[in-house]
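All remarks here apply to the structure that follows.
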Amino acid sequence: MTLQLSGIHHLTAVTADAPRNLKFYTQTLGMRLIKKTVNQDQTEAYHLFYGDGVASPGADLTFFDFDAAREKRGNHTVSRTGLRVDSEDTLNWWKNHLQSNNVGTSAIKERAGHLSLDFEDFEGQRFRMVTDGVNTVIPWAKSPVPADKQIIGLGPITLAVPALERTEVVLTQVMNMRKVRTYPATSTLGETHVFEMGEGGPAAEVHVVVDPTQPAARPGAGGVHHVAFRTPDQDSLRQWIARVSQAGLRSSGEVERFYFTSLYFREPNGILFEIATDVPGFAADEPMESLGEKLSLPPFLESRRASIEANLKPLD
């Protein structure tokens with residue numbers, strides 16, 4: 001049986017204002033703070049995880065809190081993140097809700113094969129809310145957003161690159177994705193190529209916008225750090241490690257993140273990819289009912305808790 005990724009696992013972006021980020025994603029977008037922890041490589045920075053009511057893989061939108069200038073937009077990065085909801089009626093609700101919270105939106109129309117609504121957060125993080133007629137909401141009971149209007153999860157994810165060929169080789173021949181369609185990009189010169197994994201659908205799509213006229217992006221707040229793809233467990237992850245290595249791509253090898261185990265590598269246009277396991281999940285160190293209420297640290301950082309907490313800024 002061919003080794004397959006099952007969809008988007010999480011996406012990690014960058015904020016320079018963690019308190020405002022927390023307020024926007026939990027109060028305006030109504031997502032649940034499912035894990036309040038730190039960047040395991042730079043422990044003075046928060047790593048905030050937002051998700052659905054039960055912290056499902058594929059619903060995790062996460063942020064590193066870095067003191068950074070705004071991203072300069074361009075190629076070699078993730079340029080837009082999809083957020084899935086259940087219907088056109090829900091998109092209409094979100095358009096009104098966002099505008100009432102002073103968040104500008106696009107019109108609701110079909111884009112790239114999905115009925116959708118575009119908007120940005122307060123730092124310019126770009127989102128496309130799309131309808132997903134297959135999956136259903138797993139609501140967070142304390143969300144200010146009504147249960148039937150809450151975000152289901154992530155996808156599609158859009159990459160911006162100046163040339164497709166080598167990226168397509170990695171997506172199709174290394175990561176076993178399928179190229180399913182193309183459509184015009186917003187610029188007159190660009191074209192977007194759609195790849196899918198697993199059972200397909202918006203939760204398992206990568207859209208690659210090709211436009212050689214764009215400059216290289218400069219990372220920063222409002223930008224994306226990396227995108228992660230789902231694999232079920234460590235056994236399958238180790239198969240991916242071997243496959244990536246055999247393809248001649250430099251990688252991190254196996255990295256233990258406690259809530260999941262990961263592999264990191266860059267595709268040929270320099271975008272950081274992660275493959276992450278669905279297990280053990282975010283309830284590994286705290287009860288499901290109280291996820292995100294206290295600072296969680298993996299066991300290998302627990303002995304440094306006092307100094308880590310002393311270096312973190314308050315979120316209130």
| Spacing of Ser100 atom OG and Lys95 atom NZ [to the nearest 0.5 Å] | 12.0 Å
| When you check the side-chain N and O atoms of Arg304 and Thr43, is any donor under 3.5 Å from an acceptor? | yes
| message | Can you see whether Glu123 engages Thr15 through a side-chain donor-acceptor pair at a distance of less than 3.5 angstrom? | response | yes
| request: Would you name the heavy atoms of Thr28 and Val145 that are closest together and state the gap between them? | output: O-CG2, 4.1 Å
| said: Check the orientation of Phe63 and Tyr50. Use parallel for under 30°, tilted for 30 to 60°, and perpendicular for over 60°. | reply: perpendicular
| Close side-chain approach of Val85 and Trp93, heavy atoms under 4.5 Å | no
| said: With a 4.0 Å cut-off on N to O distance, would you call Glu120 and Arg73 a salt bridge? | reply: yes
Donor-acceptor list for residues 159-167 side chains, cut-off 3.5 Å, not counting sequence neighbours:
residue : atom : partner : partner atom : Å
Arg166  : NH2  : Pro268  : O            : 3.4
Thr167  : OG1  : Glu267  : OE1          : 2.4
Thr167  : OG1  : Asn269  : ND2          : 2.7

| note | All heavy atoms of Val224 vs all of Thr12, minimum pair found to be CG1-O, 3.5 Å
| query | Side chains of Arg257 and Ser262: is there a donor and an acceptor less than 3.5 Å apart? | reply | no
| message | For the backbone of Gln214 and the side chain of Asn75, can you confirm whether one donor and one acceptor N or O come within less than 3.5 Å of each other? | response | yes
| task | Determine the minimum heavy-atom distance between Gln125 and Gly223, stating which atoms define it. | result | NE2-O, 3.1 Å
| task | Report yes or no: does Thr172 contribute a side-chain atom to a donor-acceptor pair with the main-chain N or O of Glu168 at less than 3.5 Å? | result | yes
| Whichever hydrophobic residues join Tyr183 through chains of side-chain contacts under 4.5 Å | Val180, Val194
| Neighbour count above 12 (heavy atom, 6.0 Å) for Glu88 CD | no
| field | Lys/Arg-Asp/Glu bridge criterion (N-O < 4.0 Å) met for Lys313, Glu44 | value | no
| query | Between the side chains of His97 and Gln99, is a donor N or O closer than 3.5 angstrom to an acceptor N or O? | reply | no
| query | Is there a donor-acceptor contact under 3.5 Å linking the side chains of Asn135 and Asp132? | reply | yes
| request: Among residues two or more places apart or on two chains, list those pairs meeting ring pair (Phe, Tyr, Trp, His ring centres under 6.0 Å) that have a residue in residues 293-316. | output: none
| Side-chain cluster (under 4.5 Å, hydrophobic types only) that Val130 belongs to, other residues | none
| request: Kindly state each residue pair satisfying salt bridge (Lys or Arg N to Asp or Glu O under 4.0 Å) with at least one member in residues 16-33, sequence neighbours excluded. | output: none
| Among the clusters formed by ILVMFWY side chains lying less than 4.5 Å apart, do Val279 and Ile138 turn up in the same one? | no
| task | Find the distance between OG (Ser307) and CG (Leu312) and round it off to the nearest 0.5 Å. | result | 9.5 Å
| query | So, does Arg305 use its side chain to make a donor-acceptor pair with the main chain of Leu295 at under 3.5 Å? | reply | yes
| Roughly how far apart are Tyr25 OH and Leu33 CG, rounded to 0.5 Å? | 13.5 Å
| said: If the threshold is 4.0 Å, N to carboxylate O, is there a salt bridge linking Lys36 and Glu286? | reply: no
| Does any donor atom in the side chain of Arg250 or Ser245 lie under 3.5 Å from an acceptor atom in the other side chain? | no
| query | Other than Val255, what residues sit in its cluster of Ile, Leu, Val, Met, Phe, Trp and Tyr side chains whose heavy atoms are under 4.5 Å apart, directly or through others? | reply | Tyr264, Leu272
| Any side-chain donor near an acceptor of the partner, His47 and Thr62, under 3.5 Å | yes
| said: Count I, L, V, M, F, W, Y as connected when their side-chain heavy atoms are under 4.5 Å apart, and connections chain through other members. Are Met129 and Trp140 then in the same cluster? | reply: no
| field | Test of ring centre spacing under 6.0 Å for Phe195 and His207 | value | no
| message | Tell me whether Arg181 contacts the main-chain N or O of Ala112 through its side chain, where contact means a donor paired with an acceptor under 3.5 Å. | response | yes
| request: Would you confirm whether Thr277, through its side chain, and Thr261, through its main-chain N or O, come within 3.5 Å as a donor-acceptor pair? | output: yes
| Which residues pass the side-chain contact (heavy atoms from CB on, under 4.5 Å) test with Ala204, sequence neighbours left out? | Met197
| said: Has Thr77 got a side-chain atom pairing as donor or acceptor with Ser79's backbone, closer than 3.5 angstrom? | reply: no
| task | Go through the structure and list residues passing salt bridge (Lys or Arg N to Asp or Glu O under 4.0 Å) with Arg178, not counting sequence neighbours. | result | Glu196
| task | Evaluate salt bridge (charged side-chain N to carboxylate O under 4.0 Å, His left out) for Lys35 paired with Asp285, printing each intermediate quantity in order. | result | CA-CA 10 Å; Lys35 191 64 61 177; Asp285 61 349; 2.7 Å; yes
| task | With rounding to the nearest 0.5 Å, note down the distance linking CG in Leu154 to CG in Leu83. | result | 6.5 Å
| field | Hydrophobic cluster identity match, Leu29 and Ile152, side-chain contacts under 4.5 Å | value | no
| field | Inter-residue atom distance Phe260.CZ - Glu274.CD, 0.5 Å rounding | value | 5.5 Å
| request: Report the residues that fulfil salt bridge (Lys or Arg N to Asp or Glu O under 4.0 Å) with Arg238, sequence neighbours left out, ordered by chain and then residue number. | output: Glu254
| task | Measure from the side-chain N and O atoms of Ser56 to the backbone N and O of Ala59, and report whether any donor-acceptor pair falls under 3.5 Å. | result | no
| Do Ile8 and Val137 belong together in a cluster built from hydrophobic side chains that touch within less than 4.5 Å? | no
| Remaining members of the apolar cluster that contains Phe64, side-chain heavy atoms under 4.5 Å | Val14, Phe66
| Set of residues satisfying side-chain contact (heavy atoms from CB on, under 4.5 Å) with respect to Val209, sequence neighbours excluded | Thr158, Ala185, Thr192
| field | Pairs flagged by ring pair (Phe, Tyr, Trp, His ring centres under 6.0 Å) wherever residues 267-295 is involved - sequence neighbours left out | value | Phe49-Phe282, Phe229-Phe273, Tyr259-Phe282, Phe265-Phe273
| said: Count I, L, V, M, F, W, Y as connected when their side-chain heavy atoms are under 4.5 Å apart, and connections chain through other members. Are Leu3 and Ile275 then in the same cluster? | reply: yes
